[in-house]
Asker: 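For reference, the structure I am asking about is given below.
By convention in this document, chain letters (A, B, ...) are assigned in the order of the sequence lines, proteins followed by strands, and residues within each chain are numbered from 1.
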Protein chains: 2
Amino acid sequence: MNAVESREFREVCKRAGLAVTHQRQVLFEVLKNMHGHPSPEEVYARIKRRIPSISLATVYKNIHLFLESGIFREVSLHHGSLRVETNSKPHHHLVCTACKAIFDIDANELGLAEKTGTLPGGFLAQRYAVDVLGLCAACQQKTV
Amino acid sequence: MNAVESREFREVCKRAGLAVTHQRQVLFEVLKNMHGHPSPEEVYARIKRRIPSISLATVYKNIHLFLESGIFREVSLHHGSLRVETNSKPHHHLVCTACKAIFDIDANELGLAEKTGTLPGGFLAQRYAVDVLGLCAACQQKTV
DNA sequence: TATTAAACGATAATTATTATCGTTTGTCAA
DNA sequence: TTGACAAACGATAATAATTATCGTTTAATA
Ligand SMILES: [Mn+2]
Ligand SMILES: [Mn+2]
Ligand SMILES: [Zn+2]
Ligand SMILES: [Zn+2]
């Protein structure tokens, strides 16, 4: 952590109303330097190399604080547990980032063209997330 | 369950290589008649009204069998546990339905126009799922 | 109708996450 | 600088969701 990064982190904490702790700073740096979509356990394993005494609970708590402050983002905004789709017609979803409610919306009704604004049911659209579902290269091999 | 529905269910099971059991049939009917995106617990509560002795484990096992057979679909194909996004640039995702691997893809690189076929990294696209992220009507009220 | 594999119910085990609580640390005003 | 106090920490218990185990029951089919 050089002086510039350190000052930047202090400002980030100030904005978020968070104390500048050693654990928090190292977690911030570790996350900045990881790539992909790590799980809390993976982050914990990495940060333990720099702070062996850190607790997994601290990692969870600080990740959540970073998410709430918008310092980092969560990969999926869906429910974290199993839900069954009862609508067999092809459709997309309106996902509320506050309460995680999910509403169906037809593909045509959606009109992908950046129609940010009011949608059916008074839903306020803020951004789109597209998942391309399919098979990765490795899994295509396995199927053969 | 009328005769037509019963015969239809038998064929569904035959195709999937599943035995036709009472519990399985009632679960199938219950799911067909639910709407939205119920959790296994919600399905369990509903089916218990018709088979009070049914086990939650049976509900879970049969939901999974239905999902594997493609009889029903899961709402989210993401990891069911927390993942941190380390890529701060706006982007979308390639999601492997077999191993749940997630790869980043830029919005422009995506070219939403039904480009089903080979994508970066040899990913085989099969369908698109769009999440419109935002605030539902109820949550907009709360913020005011 | 007898054989046998599949499915069932009860429940223990596991995984991911959150809550609790006593101790330590950072903030800020004096 | 320092002392008071709130915030954060580490250890670990508790909870929620899901899966595994296992003895008993049931469906498929010959
Ligand atoms: Mn849906
Ligand atoms: Mn990503
Ligand atoms: Zn909401
Ligand atoms: Zn894969």
Asker: To the nearest 10 degrees, what angle separates the axes at the start and end of the helix from dT1(C)-dA30(D) to dA30(C)-dT1(D), five pairs each?
Answerer: 40°
Asker: Under 3.5 Å, is there a donor-acceptor pair between the side chain of R127(A) and the main chain of G134(B)?
Answerer: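 Here the side-chain-to-backbone pair does not exist.
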Asker: Using distance only, find each side-chain donor-acceptor pair of residues 66-76 of chain B under 3.5 Å and give its atom names and separation, not counting sequence neighbours.
Answerer:
unit_1: S69(B); atom_1: OG; unit_2: L65(B); atom_2: O; d: 2.8
unit_1: S76(B); atom_1: OG; unit_2: H78(A); atom_2: ND1; d: 2.7
unit_1: S76(B); atom_1: OG; unit_2: H78(B); atom_2: N; d: 3.2

Asker: With no hydrogens and no angle check, is any side-chain donor or acceptor of T97(A) less than 3.5 Å from a backbone partner on L133(B)?
Answerer: no
Asker: Just to be sure I understand the rule, does S39(A) reach a base, reach only the sugar-phosphate, or reach nothing, if contact means heavy atoms closer than 4.0 Å?
Answerer: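 Nothing: the residue S39(A), judged by heavy atoms under 4.0 Å, touches no strand.
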Asker: What is the ring orientation for F123(A) with F103(A), classed by angle as parallel under 30°, tilted 30 to 60°, or perpendicular over 60°?
Answerer: perpendicular
Asker: Between T86(B) (side chain) and G36(A) (backbone), is there a donor-acceptor pair under 3.5 Å?
Answerer: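 At least one qualifying donor-acceptor pair exists.
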Asker: Quick test of your reading of the model: are R50(B) and E29(B) salt-bridged, counting only N-O distances below 4.0 Å?
Answerer: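 A salt bridge is present here (some side-chain N lies under 4.0 Å from a carboxylate O).
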Asker: In B/S/- notation, 5' to 3', how is nucleotides 23-30 of chain C contacted by protein heavy atoms closer than 4.0 Å?
Answerer: ---SS---
Asker: With a 3.5 Å cut-off and no angle check, do the side chains of D106(A) and H92(A) form a donor-acceptor pair?
Answerer: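 No - no donor-acceptor pair under 3.5 Å links their side chains.
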Asker: Answer with base, sugar-phosphate or nothing: what part of the nucleic acid does Q23(A) contact at a heavy-atom distance below 4.0 Å?
Answerer: sugar-phosphate
Asker: Output yes when a side-chain donor or acceptor of H91(A) lies under 3.5 Å from a complementary backbone atom of K89(A), and no otherwise.
Answerer: yes
Asker: Let's see if you get this right: which residues in residues 58-87 of chain B place a heavy atom under 4.0 Å from DNA chain C?
Answerer: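 Listed by number, they are T58(B), K61(B), N62(B), S81(B), L82(B).
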Asker: With a strict under 4.0 Å distance from non-hydrogen atoms of chain B, what nucleotide opens and what nucleotide closes the contacted stretch of DNA chain D, reading 5' to 3'?
Answerer: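 Contacts span dA17(D) to dA28(D), reading 5' to 3'.
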Asker: Any side-chain to backbone donor/acceptor pair from H79(A) onto K100(A)? Under 3.5 Å, distance only.
Answerer: yes
Asker: Under 3.5 Å, is there a donor-acceptor pair between the N87(B) and H35(A) side chains?
Answerer: no
Asker: Is a donor on one side and an acceptor on the other found under 3.5 Å between the side chain of Q25(B) and the backbone of R10(B)?
Answerer: no
Asker: For the residue pair Y44(B) and I54(B), establish whether any side-chain heavy-atom pair is separated by less than 4.5 Å.
Answerer: yes
Asker: Taking for each residue the nucleotide of DNA chain C with the nearest heavy atom, is it R24(B) or A57(B) whose nucleotide lies nearer the 5' end?
Answerer: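 Upstream on the strand: R24(B).
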Asker: Check side-chain contact (heavy atoms from CB on, under 4.5 Å) between S39(B) and all other residues, then give those that pass, not counting sequence neighbours.
Answerer: R83(A), E41(B), E42(B)
Asker: Without decimals, in angstroms, what is the distance between L56(B) CG and dA7(C) P?
Answerer: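 Atom CG in L56(B) sits about 18 Å away from atom P in dA7(C).
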